Amino acid sequence: MSNKEIAKIFHNMALYLEVEGVIFKPQAYERAAMSFDVLSEDIREIYKKEGIKGIRKISGVGESMADKIVEYLEKGKIKEYENFKRKIPIDIEELIAVEGVGPKMIKTLYQKLKIKNLQDLEKAAKSGKIRNLPKFGEKKEQNILQSIEFLKRAKGRYLLGDILPTVKEVIIGLKNIKDVKEAHVVGSLRRMKETIGDVDVLVVAEKPQKVMDYFVSMPGIEKILAKGATKSSVRMSAGFDIDIRVVSEKSYGSALQYFSGSKEHNIALRKIAISKGLKLNEYGLFEGVKMIAGKSEEEIYEKLGMAWIPAELRENSGEIELAQKNKLPELIKVSDIKGDLHVHSDWDGGENSILELVESAIKMDYQYLGIADHTKFLRIENGLDEKRLRERNKEIDKLNFRLRQGFGGQAKFRILKGCEANIMVDGSIDIDDQALKELDFLIAGIHSQLKMKKKEMTSRIIKAMQNPHVDIISHPTGRILQKRDEYEMDFDRILRVAKETKTVLEINSFPLRLDLKDINIKKAKKAGVKMVINTDAHHKDSLRLMEYGVSQARRGWAERTDIVNCWPAEKMLKMLK
DNA sequence: GCCGTTTTCGGCCCGACTGTTTTCAGTCG
């Protein structure tokens, strides 16, 4: 997919321009990069079909950017971008990832201390050179070091949401090869972990050579790391590695099982095998030298005396014991989702009109869509005040009326009136009670003052949950993957109050958030707290991100009873305050 | 560099917070 590559180049162009101190252009490039990111059609295909005219139609792309895209598609590089890289030989992406460091600081750091990358920055900070720079001080130096520590922990891992779309295409490509019988992703990606180290793919094929030839010549490859007869490895231009292995049909199940992990799960399984006088490895399940299972995963788990276990559960955290008793949870699926309750329209900072969002939701077979625009505190997102909120509600009423007519008078699809209000420092909500009463549901979330002490932050959220209008807490722990940790808070206490006040906690599907995370979902389920899986989409195409939230819910053992947007609309609305 | 129900030029989401200042620049969302 060329979209991600082009988005990245434009994003980097924006960064270079910002370091240069150019005004307005960076935002233009950033906006275009975001368009590419959410575009459902491949830019290369658009160009093939409609030429440069089609490119110009992409939102935020004008004459100059369209030329640059064509230049990239035809020649593989953009001259102006290459010039930037030469002129400013800094790893801006790496440095900007440090929280508290922005374009201006990067410029100063380069000019005064020749800092080009994270390593240089850490060295300078550790030797106390940063504090003496103008506008810098000891505190800033400390913050930089702290932030670098966080980044280091995340290094070498990639977001599930960045990897999965590419790997899905790889699997489709492999399955298209004649005589390929099976192709499946394994490893942490199959278990849908929120971040992935590298990708492993398993293939069954008559002629492994053909598979290897195809694999090392796929689009999007940066370099071939190894090419063998049945095992190869490539690095994608997005940075991550994909390993492929061709296995025999009779060992496919055991190879799937073995390479899917987790390590802990597999160790536990092998111990069970030993206790039954058997041996389990990637080639099969053996009784002495006789292979008694291996073709499918199901037969391996069966012979080990348990039910087949969904990959998301394989962490050796109780799933094996339940599988032995045949009492595994019935995990939710994407197809169980009946609607999305956290979608931003163009009434706030979203990209699409309510109607456009609704059309996408209907295509996804949803029964309802909850519009949750920001409220007035978030000026940057053009948050709604009481007056504009009412105007928006009127539009929703009109659309609902039209929808009923379209469905012959039946309410087959409905738009729900909501908003994502802000939880202020004292736990209050940034908008009038009267306006809140007119909504179908209210989400409240924290968007400022993230660094409060544990006790204060806990009380702040608790106070919000005790508000009789607050139905849902959005992205409850506030983490941003690979950037910042959860807020300091007493999560167990928050769960108790959520249960008491019947407040629903959100599982935010945005790939950078995935908040609640798997462990917290499991805790919430255990505490009897209900959850909702939302996308937080700011664009109609982002409604598809639902898959990521569902995957984390599955990792957290969630069943249909735990997730309110798996319920029919009426039942869900009755549950909300 | 993009965009247009104030249209081919002149705008461009903007307030809060932090750390460093002694009146504000830089970052964040």
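Owing to the predicted nature of the structure, the values given are computational and were not obtained by experimental measurement. Labels below follow one simple rule: chain letters A, B, ... track the order of the sequence lines, proteins then strands, and each chain is numbered from 1. All values below were derived from every heavy atom in this structure, side-chain atoms included, with hydrogens, water molecules and symmetry-related copies excluded.
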Exercise for review: Output the distance between atom CD1 (A:I46) and atom CD1 (A:I43), rounded to the nearest 0.5 Å.
Suggested key: 6.5 Å

Check your understanding: How would you list, by chain and number, every residue that makes a ring-ring contact (aromatic ring centres under 6.0 Å, His included) with A:H538, sequence neighbours excluded?
Key ->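 Checked A:H538 against ring-ring contact (aromatic ring centres under 6.0 Å, His included); matches are A:H344.
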
Select base, sugar-phosphate, or nothing to describe what [X] touches, counting heavy atoms under 4.0 Å on all strands.
X	result
A:K68	sugar-phosphate
A:S64	sugar-phosphate
A:Y29	sugar-phosphate

Between atom [atom1] in [X] and atom [atom2] in [N], what is the gap in whole Å?
X	N	atom1	atom2	value
A:N382	B:dG15	CG	P	12 Å
A:K25	B:dC3	NZ	P	15 Å
A:H374	B:dG15	NE2	P	17 Å
A:R31	B:dG4	CZ	P	10 Å
A:M452	B:dC17	CE	P	11 Å
A:D346	B:dC13	CG	C1'	14 Å
A:Q27	B:dC14	CD	P	11 Å
A:M424	B:dA16	CE	C1'	10 Å

When rounded to the nearest Å, what value does the distance between [atom1] atoms of [N] and [M] take?
N	M	atom1	answer
B:dT5	B:dG1	P	23 Å
B:dC14	B:dT21	P	30 Å
B:dC13	B:dT18	P	25 Å
B:dT22	B:dA16	P	24 Å
B:dC12	B:dC17	P	24 Å
B:dG19	B:dT7	C1'	44 Å
B:dT20	B:dG26	C1'	10 Å
B:dG15	B:dT6	P	23 Å

Practice item. Begin from the C-alpha positions of A:Y366 and A:F413 and carry the test ring-ring contact (aromatic ring centres under 6.0 Å, His included) through to its verdict. Key: CA-CA 8 Å; A:Y366 282 171; A:F413 185 94; 8.0 Å; no

Check your understanding: Would you call A:E20-A:K87 a salt bridge at under 4.0 Å N-O?
Key -> yes

Review point. Hey, are A:E386 and A:K376 close enough for a salt bridge, meaning a charged N less than 4.0 Å from a carboxylate O?
Key: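 A salt bridge is present here (some side-chain N lies under 4.0 Å from a carboxylate O).
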
Review point. Where the side chain of A:R388 meets the backbone of A:W347, is there a donor-acceptor pair that is under 3.5 Å apart?
Key: yes

Practice item. Give a yes or no on whether the backbone of A:I423 and the side-chain of A:R460 come within a donor-acceptor separation of less than 3.5 Å. Key: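 Yes; at least one donor-acceptor contact below 3.5 Å.
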
Point to revise | Per-nucleotide protein contact string for nucleotides 6-11 of chain B, where B marks a base within reach and S marks sugar-phosphate only (heavy atoms under 4.0 Å, - for neither) | key: ------

Point to revise | Heavy-atom protein contacts under 4.0 Å, nucleotides 20-29 of chain B, coded B base, S sugar-phosphate only, - none | key: S----SSSSB

Review point. Is A:K114 close enough and on-axis enough to A:Y110, meaning under 6.0 Å and within 45°, for cation-pi?
Key: yes

Point to revise | Assigned partner base of B:dG11, Watson-Crick or wobble definition, under 3.5 Å | key: B:dC2

Review point. If anything within 90° of 0 is syn and all else is anti, what is B:dT22?
Key: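 Here B:dT22 takes the anti form, which means its glycosidic angle is more than 90° from 0.
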
Practice item. Please indicate whether A:K483 has more than 12 foreign heavy atoms, meaning atoms of other residues, nucleotides or ligands, lying under 6.0 Å from its NZ. Key: yes

Check your understanding: Does a sphere of radius 6.0 Å around CZ in A:R402 hold more than 12 heavy atoms from other residues, nucleotides or ligands, not counting ones at 6.0 Å or beyond?
Key -> no

Review point. Looking at side-chain heavy atoms only, is the closest gap between A:L514 and A:N508 below 4.5 Å?
Key: no

Check your understanding: According to a strict under-4.0 Å criterion, is A:Q449 in side-chain N/O contact with OP1 or OP2 of B:dT18?
Key ->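 Answer is yes, contact under 4.0 Å.
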
Review point. Does A:N143 have a side-chain nitrogen or oxygen under 4.0 Å from the phosphate oxygens OP1 or OP2 of B:dT18?
Key: no

